[in-house]
Amino acid sequence: RRVHGVGILACIFFKIVSQTMFALNDSRKIGAGLTGFGSLFLILGCILLFDKALLALGNVLFISGIVLLIGVKQTIRYFARKEKLRGTVCFLGGVILVLVGWPIIGILVEAFGIINLFGNFFPIISAFIRNLPFVQPVLAYPPVAKILDKLSGPMLPT
């Protein structure tokens, strides 16, 4: 059977998620898929000149995926922490701005919120992405590696 376009990305994403170190039950697998597709739709919405429908769909999928991935209580606990409050307000404010119809301003506010909320995960994500076989040659290119090293900050030795 042939799989084209986004289907290939989804297959690769599910393969990677299924090989993670912690056991994934069905709701976590669905949550990982929703989060991945939400991120994909957000990126596509930005590439396609801030398409409101793609951005709104990406936001809904991303938020519902996070809830399914880590659970309702853990999600509320994470987003309601005092040190994450600024990021939470910016992220949810950006989502509301996108849903109201101001996609450019909404995505900028949302990006600021995502950086504040999930910024401490960037070194982990960077290390994970660097080990993917189809992305590794691109990220090993010196200018890209230098930018990625600067964004990820100090890393622990492996």
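Atom CZ of Phe122 sits in a crowded spot, with more than 12 heavy atoms from other residues, nucleotides or ligands closer than 6.0 Å.
In this structure, CG in Leu42 is found 7.5 Å from CZ in Phe62, a value given to the nearest 0.5 Å. The CG atom of Leu117 sits 10.5 Å away from atom CD of Glu83, with the distance rounded to the nearest 0.5 Å. The CZ atom of Phe121 sits 14.5 Å away from the CZ atom of Phe128 when rounded to the nearest 0.5 Å.
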Acceptor/donor pairs from residues 86-110 side chains to any protein atom, 3.5 angstrom cut, sequence neighbours excluded:
unit_1	atom_1	unit_2	atom_2	d
Arg86	NH2	Asn116	OD1	3.4
Thr88	OG1	Phe79	O	2.6
Thr88	OG1	Lys84	O	2.9
Glu110	OE1	Asn59	ND2	3.3

Ignoring hydrogens and angles, write down the donor-acceptor pairs under 3.5 Å from the side chains of residues 45-52, residues two or more places apart or on other chains.
unit_1	atom_1	unit_2	atom_2	d
Asp51	OD2	Leu54	N	3.4

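Among all heavy-atom pairs drawn from Asn120 and Pro123, the shortest one is O-CD, 3.6 Å. Shown here for Ser64 and Leu34, the closest heavy-atom pair between the two residues is OG-CD1, 3.8 Å.
By the side chain to side chain contact (heavy atoms under 4.5 Å, CB included) test, Gln136 is found to be paired with no residue, residues two or more places apart in sequence or in another chain being considered. Remark: Arg77 pairs with no residue by the side-chain hydrogen bond (donor to acceptor under 3.5 Å, both in side chains) rule, at least two apart or across chains. With sequence neighbours excluded, the residues satisfying side chain to side chain contact (heavy atoms under 4.5 Å, CB included) with Val135 are Ile129, Leu132, Leu139.
Linking Ile, Leu, Val, Met, Phe, Trp and Tyr residues whenever their side-chain heavy atoms come within less than 4.5 Å places Ile114 and Tyr78 in a single cluster. Grouping the Ile, Leu, Val, Met, Phe, Trp and Tyr side chains by contacts below 4.5 angstrom, directly or via other members, places Ile30 apart from Val60. Under the 4.5 Å side-chain heavy-atom criterion for Ile, Leu, Val, Met, Phe, Trp and Tyr, Leu40 and Leu57 are members of the same hydrophobic cluster.
Considering only heavy atoms from C-beta on, Arg130 comes within 4.5 Å of Leu148 through its side chain.
Hydrophobic clustering, defined by side-chain heavy atoms of Ile, Leu, Val, Met, Phe, Trp and Tyr closer than 4.5 Å, groups Val67 together with Val72, Ile76.
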